[in-house]
S.K.: 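Could you have a look at this structure, given as structure tokens, before my questions?
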Amino acid sequence: MADVLVGFCASVQEGDLVTLESSTLAAPLLRELYRQVLEAGAQPLPRIAIEGLTENVLKFGNDDQLDWVNPARADDIESVDVRINLAAPANTKRLSNIDPARQARFDRSAEPLRNRYLARAAAGELRWVLSAYPTEAAAQDASMSLAEYEDFVFGAGFLDDPDPVARWHEFGERLDRVAEFLATRREFRIVAEGTDLRVGTEGRTWISSKGQENFPDGEIFTGPVEDSVEGEIGFTYPGVFNAREVEGVRLRFEAGEVVEATATRGQEFLREMIAMDDGARRVGEFAFGMNEAITMFTRNTLYDEKIGGTMHLALGTAYPETGGLNRSALHWDLVCDLRSGSEVYADGELVYRDGRFLNISG
Amino acid sequence: MRDPRYDALAELVLDHSLRLQAGDVLRIEGEAVAAAPLIVPLHREAIKRGAHCYTALDLNGLKEILVAEGSDEQLEFVSPIELRELDVIDASITIWSELNTHSFTHADTDRRQRQLAAQRQFAIRRRDLIASGKHRWCGTLSPTEGHAQDASMSLEDYEDFVFRACHVLDADPVEHWRQVGERLQARADELGSVRELRILGEDTDLNVVVEGRAWRAAYGRQNVPDGEVYTSPVETGVNGTIRFGFPAVYGGSEIDDARLVLEDGRVVAAEAAGGQEYLQSLLELDEGARGVGEIAFGLNYEIDRFTRNILFDEKIGGTMHMALGMGFGALGGQNRSALHLDLICDLRREGEVYADGELVWRNGEFLHDPQPARPAEHVG
């Protein structure tokens, strides 16, 4: 996995400054990444987190501390060439009992750094890859044993293939063909049970996400026209954000804004998150999940948004490289399963049915 | 799972050593796995005190990979980001917590030295900031199996030893160390008027001229635990013989039972029962390596045994130590060297110290007030 992350995903070059960001639970993979980065002639900069320190700030910090931007991490984001970040949680529900208003305030403090690294990435100055190291906590969220979950993780990254990098290149070409097709259309209509939503993408860039910034990967996304989203959508899977789950989310949009938000569970949290700032009630991302090695929901966005045969919307900030203009401290992906009884129309033409694009090679 | 002793150590470091204030920016350095039991409470208590606190953590095994596999450039790399950090932080804590104190024993010595030299750049810059009053720093230890093994103890016994030495089991550890500070400062002031010390012990008869040199009291500001008074002697003023009963551990190697002969402040003969060659190689390191940079008395009587860790060993109550090499410029010391080799002489059984001819110390303690800290007076 380390060689795929360093060589294929991040294409680490001689002389690069590379931050390796994860928790102590990922130690075996961190050591291997460190070795591979050295081998590439680059300089690894470990940024090791201990889970639980964020909790200290959220529980005991005053406003000034919640708002604080660590200048050393800001310097990282300004100075490094590559960021490799591995999620490796010990307890994904650790922050469940934090006051959402304090959590939202804390999240807002991270926004300038996030915007800055996304801007540097869009300008080609910084490469980043977000991946995950399988832990018991993540396995538990997926309702699997650790051994089963490891198989799932490695399978989703094609790491069980004799030549994973070749597989990713081949898959990437297929995603590119779909993205090229999508770029020829201006408006999409998604029809499924409880869902009839129109999304405008004219002038926006569709990006095939093929293992560079996320690993595993496999989605095609864009930033929709900000005032174009109209209609209703019901999300199949629970929305997971900051250790909280919201189930049975239904959103109604008018002129791009959420005008009605309901949930069968966690509705209050949903509404608080949407009220976080002006951009939180608009859609920053519209995407199709295309990785058919990911078939089940595991309560981890990295995987869930790529489930082959799904689409997702993200409320909140857009990726600047798509042309999306929406900005927010929020970026909350919500996934809708389209694998049965679903259709997608592009400029009125049926292009997708039951989880697959029609008549597109690949 | 939460051990109140770690909480107490954290509070002592923040309140006594660093005098942490709301709004201060604090950096905590250590190894993420082994030091976690101390990092978590340090971070929590710093946040409770209104400080901005973050961690800069190592992961065990990474340095070993760097020394074994890195290119010359990678070995000597000094992170510019890390150097710039020093300009934006008010205080920092270094936590020592080796999982294995011998993981570099078979590493290439030259490559290891180059990696350490690069790492030292940060420490040197920080030392300058500390000296100019722009930075507060404290080094402390979080107990590990590795350190316990070096001390020939179980981890449980070693934890007891460490926390006793830090006096964090006292009702008011901050008050304890404040009082230690008062007493050691009085002792340092008194020694400041001494012209010459004569140290007598087993195979030891050494004259040390300290005239005009300031003595410093170490009472938990930059080290926890602490408890010593020290100065840099007059460079040409050390004469006689001295035997160091405890092994010296330097750069991961040991020198056992060293005996030195000094003339006019220079080592003219040196032998050791173990590590003789290593001792010789250190003496040849540079011009200043044969000179004396420090003379000190260890006065922490909770530290009653040798544990192969200089943080504790140099403070063993009833010992004196001498460092070959680098002196303390701020105390008038002029010896300069890349070496600072602490060698510890046990004065608990046969020791006598004369100050300008007057007996001031016998069998491990000063004979008159100001008395060094004794635990019995301060428990409760």
Side-chain angles (χ1 to χ4, degrees), chain A residues 14-80 88 90 109, chain B residues 2 22-71 73-89 92 99:
Chain A
E14 196 173 336
D16 280 348
L17 291 181
V18 183
T19 54
L20 303 178
E21 309 169 23
S22 190
S23 84
T24 50
L25 294 191
L29 182 54
L30 280 167
R31 287 193 198 98
E32 201 46 41
L33 284 168
Y34 188 90
R35 176 176 278 125
Q36 297 275 348
V37 169
L38 285 177
E39 221 166 83
Q43 199 61 53
L45 305 173
R47 300 290 183 253
I48 314 297
I50 293 177
E51 202 172 306
L53 301 189
T54 302
E55 182 187 353
N56 289 338
V57 180
L58 287 167
K59 274 188 179 162
F60 305 115
N62 58 34
D63 285 352
D64 198 27
Q65 290 168 297
L66 289 173
D67 293 343
W68 187 62
V69 178
N70 181 343
R73 294 296 75 76
D75 196 344
D76 274 355
I77 284 179
E78 211 53 58
S79 310
V80 303
S109 74
Chain B
R2 200 165 142 182
D24 280 348
V25 178
L26 170 68
R27 170 180 148 122
I28 302 173
E29 297 152 26
E31 197 282 321
V33 176
L38 184 56
I39 293 169
V40 173
L42 273 172
H43 183 269
R44 183 184 60 237
E45 295 306 318
I47 294 296
K48 283 186 178 175
R49 283 156 179 73
H52 301 300
C53 179
Y54 72 98
T55 55
L57 305 179
D58 187 25
L59 181 69
N60 72 83
L62 298 184
K63 295 255 160 52
E64 287 82 349
I65 295 171
L66 178 62
V67 170
E69 299 174 23
S71 67
E73 204 178 322
Q74 288 167 331
L75 275 181
E76 288 164 12
F77 177 78
V78 181
S79 166
I81 298 170
E82 211 167 7
L83 289 181
R84 288 195 292 265
E85 277 180 56
L86 280 170
D87 297 331
V88 297
I89 58 183
S92 58
L99 285 165

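Labels below follow one simple rule: chain letters A, B, ... track the order of the sequence lines, proteins then strands, and each chain is numbered from 1. Just so it is clear, the values below take in all heavy atoms, side chains as well, and ignore hydrogens, waters and symmetry mates.
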S.K.: Using only atom types and a distance under 3.5 Å, with no angle test, would you say the side chain of R47(A) pairs donor to acceptor with the backbone of L57(B)?
M.R.: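 Between the backbone of L57(B) and the side chain of R47(A) there is no qualifying donor-acceptor contact (under 3.5 Å).
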S.K.: Would you give the length of the straight line joining atom CG of L30(A) to atom CG of L59(B), rounded to the nearest 0.5 angstrom?
M.R.: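 Reported to 0.5 Å precision, the distance equals 6.0 Å.
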S.K.: With a 4.5 angstrom heavy-atom cut-off, which part of P71(A) approaches chain B: side chain, backbone, both or neither?
M.R.: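 Contact with chain B is through the side chain of P71(A) alone.
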S.K.: Which atoms of L17(A) come close to chain B, meaning under 4.5 Å heavy atom to heavy atom: side chain ones, backbone ones, both, or neither?
M.R.: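 For L17(A), the contact with chain B is made by the side chain alone.
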S.K.: What part of A46(B) gets within 4.5 angstrom of chain A, counting heavy atoms only: side chain, backbone, both, or neither?
M.R.: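 Just its backbone gets close to chain A.
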S.K.: Looking only at heavy atoms and a cut-off of under 4.5 Å, which of A32(B), P80(B), A22(B) has the most pairs with chain A?
M.R.: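 The option with the most such pairs is A32(B).
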S.K.: First locate atom CG of L62(B), then atom CZ of R31(A), and finally report the distance between them rounded to the nearest 0.5 Å.
M.R.: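 These two atoms lie 6.5 Å from each other.
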S.K.: Could you state the interatomic distance from SG (C53(B)) to CG (N70(A)), rounded to the nearest 0.5 Å?
M.R.: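 Rounded to the nearest 0.5 Å, the SG-CG separation comes out at 9.5 Å.
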S.K.: Which heavy atom of A72(A) sits nearest to which heavy atom of I81(B), and what is that distance?
M.R.: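 Nearest heavy atoms, A72(A) then I81(B): O-CG2, 4.1 Å.
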S.K.: Between I89(B) and chain A, with a heavy-atom cut-off of 4.5 Å, which part of the residue counts as in contact: side chain, backbone, both or neither?
M.R.: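 Looking at I89(B), nothing touches chain A.
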S.K.: The test is side chain to side chain contact (heavy atoms under 4.5 Å, CB included); show your working for I50(A) and T55(B) and say whether it passes.
M.R.: CA-CA 9 Å; I50(A) 293 177; T55(B) 55; 5.7 Å; no
S.K.: Between V57(A) and Y54(B), is the side chain to side chain contact (heavy atoms under 4.5 Å, CB included) condition met? List the steps.
M.R.: CA-CA 10 Å; V57(A) 180; Y54(B) 72 98; over 6 Å; no
S.K.: Is N62(A) close to chain B through its backbone or its side chain, or both, or neither, when contacts mean heavy atoms under 4.5 Å?
M.R.: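 Only the side chain of N62(A) comes within 4.5 Å of chain B.
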S.K.: Check whether A51(B) gets within reach of chain A through its side chain, its backbone, both or neither, counting any heavy atom under 4.5 Å.
M.R.: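 For A51(B), backbone heavy atoms alone lie under 4.5 Å from chain A.
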S.K.: Which of the residues H43(B), E85(B), H52(B) is involved in the greatest number of heavy-atom pairs with chain A at under 4.5 angstrom?
M.R.: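 Most heavy-atom pairs under 4.5 Å with chain A: H52(B).
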S.K.: Around atom CD of E73(B), are there more than 12 heavy atoms of other residues, nucleotides or ligands at under 6.0 Å?
M.R.: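 Not buried by this count: 12 neighbours or fewer within 6.0 Å.
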S.K.: How about residues 34-43 of chain A versus chain B: which residues have heavy atoms under 4.5 Å apart?
M.R.: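 So the qualifying residues are Y34(A), R35(A), V37(A), L38(A), G41(A), A42(A), Q43(A).
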